[in-house]
Amino acid sequence: MTDNLQTTRYKQCVHCLEQKPVSDFLRRTGRRSGTGSRRGACRNCRKVRSRISTPIMLHAADADQQAGKPAAPLYAPELAAAELVSQPAVVAAGPAAVSESAAMAAPAAAPRRPRPSKSSARTGGFGKPRPRPLPANYSPTDVTLLRTTRKGTVWMRGKTDKGRRWHQEIELELAVTLVKERAAVIVNRTTIRRLFSNKDFRSYILTRDNYTCHFCGQYGDTIDHMLPRAKGGHTTPDNCVVACNECNQSKADKDIEEFMREL
């Protein structure tokens, strides 16, 4: 017989602070809600709060009506509280019930937004330290402005041939080289931006050198590194030139002085 008995569960309302059955509370429907989780307001408090939050339309004065001004809605929760206090049943109950009804009818004060601390203001509120601002008359190619992050690296960002943004962490030495050789510009003290995507860089070098081989002067449509990448060269406008297919294959990873002597 005891197996058939169902124990009634109770929950405290966050507004009236009374213990009421769980059936008086709405179920939570969030994705992370548990199977038995309920909301904080009971059925009676929900009715009272919904009646208070309903906008009370007040008509304007006779002069305003004659002037043709539209009546504006006025949200007056204090009027609803006054109505609850003026009810005879509440007055007969005594001053304690009046204060309790007024407190229940009063709208809940909006939570004050916490002021950001000095540390969060320095980090931008997301834990990531905000770099120091650059001078007003700074040059985007002044490598003396670059600083590393706490990880000892510099951020580099750019766009792919299809326009998608990308970013990666590089060493400070590489960032200085890219800025000096006009492949990137300084965004802030810890970030640089690549000026060309792969497709745009190839088009820029071919157009700049007028499709002319840097070594033999013939027609060329390939790009060669003057300082080979195997020896520390980078893909920058100052280190890349147009070369014909024959010269590009003959030079391979040789230095430009050595290759020019062989020619």
**Prompt:** Is the backbone of Glu258 close enough, under 3.5 Å, to the side chain of Asp255 for a donor and an acceptor to pair up by distance?
**Reply:** no
**Request:** Would you confirm whether Arg46, through its side chain, and Ala41, through its main-chain N or O, come within 3.5 Å as a donor-acceptor pair?
**Result:** yes
**Within one Ile-Leu-Val-Met-Phe-Trp-Tyr cluster: Val176 and Val185, side-chain cutoff 4.5 Å** = no
**Request:** Tell me, yes or no, whether the heavy-atom count around Lys254 atom NZ, taken from other residues, nucleotides or ligands under 6.0 Å, exceeds 12.
**Result:** yes
**Asked** Is there a side-chain contact between Asn44 and Glu18 (heavy atoms, below 4.5 Å)?
**Response** no
**Prompt:** Phe215 vs Phe259 aromatic rings, parallel, tilted or perpendicular, using cut-offs 30° and 60°?
**Reply:** perpendicular
**Message:** Check this for me: Lys151, atom NZ, are more than 12 non-hydrogen atoms of other residues, nucleotides or ligands nearer than 6.0 Å?
**Reply:** no
**Asked** Do we see a donor-acceptor contact under 3.5 Å between the side chains of Asp161 and Ser197?
**Response** yes
**Message:** Counting only heavy atoms not in Arg208 (residues, nucleotides, ligands), do more than 12 fall under 6.0 Å from its CZ?
**Reply:** yes
**Prompt:** What's the spacing between Arg229 CZ and His234 NE2 if we round to 0.5 Å?
**Reply:** 9.5 Å
**Under 3.5 Å: donor-acceptor pair, side chain of Asp24, backbone of Cys42** = no
**Minimum side-chain heavy-atom gap Arg157-Val187 below 4.5 Å** = yes
**Complete:** To the nearest 0.5 Å, atom CG of Leu145 lies from atom CD1 of Ile186 at 5.0 Å
**Asked** Any side-chain heavy atom of Phe201 within less than 4.5 Å of one from Arg194?
**Response** no
**Message:** Is it the case that over 12 heavy atoms from other parts of the model lie below 6.0 angstrom from the CD atom of Gln19?
**Reply:** yes
**Item:** Distance in Å, Cys216 SG paired with Glu246 CD, rounded so as to fall on 0.5 Å steps
**Value:** 7.0 Å
**Message:** Tell me whether Glu169 at atom CD has more than 12 heavy atoms from other residues, nucleotides or ligands lying less than 6.0 Å away.
**Reply:** yes
**Message:** Rounded to the nearest 0.5 Å, what separates atom OG1 in Thr190 from atom CZ in Arg147?
**Reply:** 11.0 Å
**Request:** Flag yes if more than 12 heavy atoms outside Gln12 fall under 6.0 Å of its CD atom; otherwise flag no.
**Result:** yes
**Request:** Determine, using the 4.5 Å side-chain heavy-atom cutoff (strictly less than), whether Ile223 and Leu195 are members of one ILVMFWY cluster.
**Result:** yes
**Complete:** Given the options His225, Glu181, Lys180, Thr236 meets side-chain hydrogen bond (donor to acceptor under 3.5 Å, both in side chains) only with Glu181
**Message:** With a 4.0 Å cut-off on N to O distance, would you call Asp238 and Arg182 a salt bridge?
**Reply:** yes
**Item:** Thr177 (side chain) donor-acceptor with Glu173 (main chain) under 3.5 angstrom
**Value:** yes
**Prompt:** In the single-linkage hydrophobic clustering (I, L, V, M, F, W, Y; side-chain heavy atoms under 4.5 Å), do Tyr219 and Leu206 co-cluster?
**Reply:** yes
**Asked** Are any of the side-chain heavy atoms of His214 and Thr212 separated by less than 4.5 Å?
**Response** no
**Complete:** Taking every heavy atom of Asn239 against every heavy atom of Gly233, the minimum-distance pair comes out as ND2-CA, 3.8 Å
**Item:** Separation of Leu178 CG from Met156 CE (nearest 0.5 Å)
**Value:** 6.0 Å
**Asked** Can any side-chain N or O of Asp224 pair as donor or acceptor with the backbone N or O of Ala243 at less than 3.5 Å?
**Response** no
**Request:** With the side chain counted from C-beta on, respond yes when Tyr10 and Pro21 share a heavy-atom pair under 4.5 Å apart, and no when they do not.
**Result:** yes
**Item:** Spacing of CG belonging to Asn198 relative to OG belonging to Ser203, to within rounding of 0.5 Å
**Value:** 12.5 Å
**Message:** Same cluster or not: Trp166 versus Ile192, using hydrophobic residues (I, L, V, M, F, W, Y) connected whenever any side-chain heavy atoms lie under 4.5 Å apart?
**Reply:** yes
**Item:** For Val241 against Ile205, the heavy-atom pair lying closest together
**Value:** C-CG2, 4.1 Å
